[in-house]
Structures are given as C-alpha cells and as structure tokens.
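The sequence lines fix the lettering, A, B, ..., with proteins before strands; numbering per chain opens at 1.
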2 protein chains.
Amino acid sequence: MTTGGVQIGKLQQACSHCGLNQLCLPMSLNEADIRQLDEIVERRRPLERGAHLYRFGERFSAIYAVRSGSLKTYTSTEEGEEQVTGFHLPGELVGLDAINSWEHPCSARALETTSVCVLPFEQLENLAGHIPGLQRQLLRLMSREIFADQQMLFAMARRSAEERLAMLLLSFSNRFERRGLSPTRFRLSMARSELGNYLGLAPETMSRLFRRFSDQGWLKAEGREISLLDLPALRALAGQSEDEAPCEGPAALR
Amino acid sequence: MTTGGVQIGKLQQACSHCGLNQLCLPMSLNEADIRQLDEIVERRRPLERGAHLYRFGERFSAIYAVRSGSLKTYTSTEEGEEQVTGFHLPGELVGLDAINSWEHPCSARALETTSVCVLPFEQLENLAGHIPGLQRQLLRLMSREIFADQQMLFAMARRSAEERLAMLLLSFSNRFERRGLSPTRFRLSMARSELGNYLGLAPETMSRLFRRFSDQGWLKAEGREISLLDLPALRALAGQSEDEAPCEGPAALR
DNA sequence: CGTCAACTTGACTCAGGTCAACCGGTGTGG
DNA sequence: CCACACCGGTTGACCTGAGTCAAGTTGACG
C-alpha cells in the first residue's frame with residue numbers, strides 16, 4: 001500500500017462484475033473481451049472532494065470512466081473566468097477531448113468522493129484495434145458526446161433560462177434512471193452556482209428559477225436534494241413531447 | 001453514367017493526390033494505407049446549392065469528407081425552429097454525430113455546389129481495426145470536434161455578441177489559411193442570418209455587428225466578401241492573446 | 001460563537017431581441 | 001421588357017430577460 005495516485009491492484013471488481021458495465025465501455029462485449037479490457041484497466045484509490053483528476057494543460061495519457069461519485073470538467077481563461085463544460089456521473093467517460101492534442105484542454109475535479117477506472121489510452125487504442133466491439137463502443141461514446149454538446153449548444157443559443165434548467169433537470173433524471181435510481185428524487189453533488197455556470201446563468205438567476213419552479217409545484221428543492229414533482233410540465237418546458245423516448249434525443253444532454 | 005447519387009468511379013483524384021489529405025482522414029498515413037482507404041471511398045457527383053447530403057432521422061451509413069464547396073449542419077424542432085450546428089469546409093468530416101444512434105440527429109445541406117467523399121462507416125470501421133494510424137486519426141478528429149463544440153459552448157455561455165463574431169471570423173480565417181488560402185480575404189458561402197443563427201444572434205444583430213466592426217476599421221464586408229483588416233484587434237476581442245498558436249486552441253472552433 | 005461559503009431577495013441596468021419599415025438585387029411570368 | 005414579388009440585408013424605436021450590485025439570511029464547521 002503506497003501513497004499518491006498509485007494503483008491498488010485488480011483485487012475487487014472487474015468490469016465483468018461492475019454494475020455499470022451496460023452503460024460504460026464494456027457494453028455489448030462478450031466475456032472474453034471484457035477480460036482483456038480488465039487487463040489494462042487501472043483502479044486507483046478514490047479522489048477526495050475537490051481533488052483534481054487532471055488539470056488543464058497536462059499531458060494526456062488515459063481516459064477515465066467514473067465508477068462512483070461525480071466529476072465536473074471545466075475550462076478557465078487567463079483572466080480566471082471558469083466555464084463548466086460538463087458533469088460526469090458513474091458509467092460516463094471523461095478525457096475524450098484530449099485525444100486530439102495529447103494535452104488536456106480542460107480540468108476535471110471531483111465533486112464528492114469519487115473513484116474512477118483509468119484506461120491508458122495507448123493500450124486502449126491498441127486493444128480497440130483487436131476487438132471490433134470495443135472500437136465501435138468507443139466511437140459510439142464519442143459520437144454521443146458530440147451529439148450531446150450540440151444539443152447543449154442549441155439550448156444555449158435558442159432557449160430561455162427556464163427551458164435550460166428544465167432540460168438539465170431532465171438530463172439528470174434520465175441519467176439517474178438509467179442507473180436504476182429514482183428519476184424523481186436525487187441528490188445533486190454540485191452547487192447551484194456550478195449548475196448556473198454550466199447553463200450560462202448567474203447564480204442569482206438560478207436561485208430565482210428554483211424558486212419559480214417550486215412555486216409552480218414542479219419540484220421541491222431542499223438544498224441539493226431535489227424532488228421532481230411534475231415531469232410532464234418539465235418536459236413540456238424543455239420542448240420534449242410527452243411520448244418522446246427519454247433515453248435518446250435531448251435527454252442524452254450531459 | 002447514371003442519374004441520382006450514383007458513384008462515378010474512382011477515376012480522378014484518389015486521396016493520395018488530394019490536396020486536402022493533410023487535413024483530412026489520410027493525415028499521417030503511409031502510401032499503402034492510403035491506397036486501402038481509397039478502396040472504400042466513394043465519390044459522387046457534386047451536390048447543388050441547397051441540396052441535402054442527409055436529413056434528420058435518416059439511417060446513418062457513412063460519414064462524409066467535404067472535398068470542395070461547403071455545408072451547413074442544422075437541427076430543427078417540431079415547431080420549425082432551426083439551429084445551425086456547424087459550417088463545414090473542405091477537409092472536414094461530417095456525420096460523426098450519427099454513429100451513436102445510427103440515425104442522423106441533424107440535417108446537412110450544401111451552401112453552394114459541393115462535392116464530398118463518402119466513407120461507408122462499416123467498411124471504415126473495419127479498416128480502422130487493421131490500420132492503427134487510421135483508427136487514431138478517426139479518434140483524433142472526433143476528439144477535436146468535441147473540443148471545438150466545448151469551445152463554442154463556452155462562447156455561447158460567457159461571451160458577448162461582439163466576441164462571438166470575432167471568434168467566428170477568426171475561425172474561418174484559420175480554416176482558410178490551413179488550406180493555403182488567404183487568412184484575410186475570403187468569401188463566405190452562407191447568409192448573415194445563418195451565421196447569426198449559428199452564433200445564437202438575431203439577423204438584425206448581425207447586421208449591426210458587421211457595421212460596428214467596419215466602422216472600427218476591423219474589416220471590410222462587401223456582401224459575403226470579407227476582408228479582415230485588423231487581426232490583432234479581432235484576436236484581442238476574441239480573447240486570444242497575440243502569440244497564441246492560432247491553429248490549436250480556440251481557433252479550432254468550427 | 002465566529003467565520004465563511006452558499007444561497008436569497010430586491011432594485012436597477014443594459015445587451016440584444018422583436019417589430020416594423022424600407023432598400024436593392026434578382027428571378028419570373030405576362 | 002417591365003412590373004411585381006421575394007429574399008437578404010439594413011436601420012430605427014422599443015421592450016424585456018437576465019446580469020449586476022448590494023444587502024441580507026442560512027447553514028456547516030472549527
């Protein structure tokens with residue numbers, strides 16, 4: 001047992017036993033392929049709240065899958081402005097934006113105690129060349145990220161503050177639901193101001209929005225504990241028709 | 001010779017002779033690998049201005065590389081609102097956002113007479129499994145797209161209308177320059193209102209911005225013919241420091 | 001108990017949207 | 001060949017959603 005971000009060994013959970021494997025990279029791989037993937041996955045001891053997984057400008061060496069907890073990724077300018085580019089929940093990959101330049105173009109920081117699986121990129125690339133299903137899944141996940149960013153772009157360009165918040169809440173709702181958790185009651189691990197930053201809104205605006213939403217009876221918010229009380233109303237606001245498959249479409253919003 | 005979108009044969013230019021091959025997928029492949037890539041590339045007769053390369057909801061079968069001309073991609077809601085998600089110049093790939101769902105989540109339409117190379121996805125995937133350099137380049141280009149979308153997100157969330165326009169103009173400038181064209185004089189193939197839509201701005205605002213920019217002596221605009229007269233001023237506005245490598249960083253903005 | 005950060009609330013401001021009128025080029029059909 | 005319509009663009013007047021600033025309030029934690 002050593003200090004630092006040192007590997008703890010492949011003792012416990014392998015991908016094959018991980019409850020998230022149907023959301024994550026192993027999705028639709030067979031037993032043997034998953035075993036090969038397991039060979040290259042490193043598991044470190046968890047990050048503490050506020051700790052960085054990587055920082056802007058660091059050399060890229062691996063992509064990461066969130067195993068438990070949550071992360072935010074953000075860029076910052078010289079002037080110190082910060083822009084949150086995403087919140088990442090268990091089963092989701094981070095670091096895909098660094099493949100191009102081999103440098104992380106943003107930083108990733110734990111919002112709570114968080115453990116990740118480390119996927120050393122060169123080995124992953126190599127393995128993907130041998131396992132078509134893995135290559136495909138990697139491309140799919142990157143494609144999904146592109147799509148999600150475009151949805152978000154649309155939201156930022158054309159949607160009002162209310163609509164954006166509704167979309168974000170539904171996005172969380174869907175992402176919790178996919179993991180088998182309640183789609184209507186969940187605890188957010190980030191501050192209002194971080195949500196606001198992500199949506200391009202001032203913290204004061206967030207506060208007013210939450211108030212308006214709970215006055216309308218659409219949700220109850222006790223601090224970071226959220227209950228969504230009227231999904232149809234939120235969907236209507238977010239511009240999702242009632243029957244729209246909530247797992248595809250705008251719901252894939254990050 | 002047949003009608004419709006039929007293949008015209010691999011007569012003329014193969015990737016190996018294409019002037020864009022250092023921007024496009026073949027980048028950093030060797031002769032032999034490029035030949036294999038050439039095997040699967042289809043080249044159709046050009047799209048006319050206004051014609052669709054694909055439409056929202058269509059089954060995904062291939063990604064496309066722009067060879068000449070230009071495209072816009074856009075999503076539209078049931079209510080008929082349209083949101084431009086990108087402009088695509090020669091050497092750039094489109095359709096990457098469809099890999100995830102096997103359906104195009106947006107439409108792509110030619111802004112002028114445009115020819116594209118068709119890369120049937122299953123064959124491309126297969127080939128990428130055999131040619132590590134190809135797989136890597138594909139991942140790189142997708143990664144770059146993710147990064148560019150995030151830059152754009154940042155711009156939409158935190159930047160003023162002026163700053164956004166400056167960024168977009170510099171993006172075009174850089175993209176023309178990479179192709180060996182003038183970074184300061186170019187013809188845009190899209191309407192002001194399409195630029196505005198992309199940036200989340202009303203056409204009236206675009207008009208006022210162009211006026212303000214030319215009053216300041218930063219550019220001259222005669223219709224769609226643009227001359228950038230003061231790159232440093234535009235860079236300052238866009239938040240790029242003078243010496244910042246213009247080919248990486250925010251310049252990769254699409 | 002004091003401190004600090006997250007969150008609220010209210011008052012005011014302003015960037016950019018909306019609406020309406022108008023201009024000039026271009027295509028079209030009589 | 002001309003009249004008309006249409007589209008993209010421009011300009012002005014006005015309005016409003018959300019940012020900003022300032023002053024609390026609440027809650028967690030040492």
**Asked** Counting distance only, does the side-chain N/O of A:Arg192 pair as donor-acceptor with the main-chain N or O of A:Gly223 below 3.5 Å?
**Response** yes
**Complete:** Between A:Phe210 and A:Ala221 the two heavy atoms that sit nearest each other are CD2-CB, 4.0 Å
**Prompt:** Under 3.5 Å, is there a donor-acceptor pair between the side chain of B:Gln216 and the main chain of B:Phe213?
**Reply:** no
**Request:** Evaluate the criterion side-chain contact (heavy atoms from CB on, under 4.5 Å) for residue pair B:Leu53 and B:Val94; output intermediate values, then yes/no.
**Result:** CA-CA 10 Å; B:Leu53 178 57; B:Val94 296; 4.0 Å; yes
**Message:** Please give me every residue in residues 189-197 of chain B whose heavy atoms get under 4.0 Å of an atom in DNA chain C, ordered by residue number.
**Reply:** none
**Message:** Can you measure B:Glu162 atom CD to C:dC14 atom C1' for me and round it to whole angstrom units?
**Reply:** 14 Å
**Message:** For A:Arg159 versus A:Arg164, what's the shortest heavy-atom pair and its separation?
**Reply:** O-NE, 3.1 Å
What N/O pairs connect the protein and nucleotides 19-24 of chain C at under 3.5 Å? Give each pair on its own line.
residue: C:dC19; atom: N4; partner: B:Glu204; partner atom: OE2; Å: 3.1

**Request:** Using atom CE of B:Met206 as one end and atom P of C:dG17 as the other, report the distance to the nearest whole Å.
**Result:** 10 Å
**Prompt:** What pairs with A:Ser207 under side chain to side chain donor-acceptor pair (under 3.5 Å), at least two apart in sequence or on another chain?
**Reply:** none
**Request:** Start with the C-alpha gap between A:Glu112 and A:Arg49, add the side-chain angles, then the distance that decides, and say whether salt bridge (Lys or Arg N to Asp or Glu O under 4.0 Å) holds.
**Result:** CA-CA 4 Å; A:Glu112 58 194 310; A:Arg49 175 188 160 79; over 6 Å; no
**Message:** Give the residues of residues 209-229 of chain A touching DNA chain D, defined as any heavy atom closer than 4.0 Å, sorted by residue number.
**Reply:** none
**Prompt:** Got a sec, which pairs hit salt bridge (Lys or Arg N to Asp or Glu O under 4.0 Å) with one end in residues 195-205 of chain A, sequence neighbours left out?
**Reply:** none
**Item:** Aromatic plane relationship, A:His52 with A:Tyr74 - under 30° parallel, 30 to 60° tilted, over 60° perpendicular
**Value:** tilted
**Prompt:** Is it true that B:Glu92 and B:Arg179 have a side-chain N and a carboxylate O under 4.0 angstrom from each other?
**Reply:** no
**Message:** Apply salt bridge (Lys or Arg N to Asp or Glu O under 4.0 Å) to residues A:Glu103 and A:Arg59 and explain how you reach the verdict.
**Reply:** CA-CA 5 Å; A:Glu103 266 191 17; A:Arg59 184 170 167 74; over 6 Å; no
**Asked** What orientation do B:Phe172 and B:Phe87 show, parallel under 30°, tilted 30 to 60°, or perpendicular over 60°?
**Response** tilted
**Ring geometry between A:His104 and A:Phe60 (parallel below 30°, tilted from 30 to 60°, perpendicular above 60°)** = perpendicular
**Message:** Can you give me the first and the last nucleotide of DNA chain D (5' to 3') that has an atom within less than 4.0 angstrom of a non-hydrogen atom in chain B?
**Reply:** D:dG9 to D:dA13
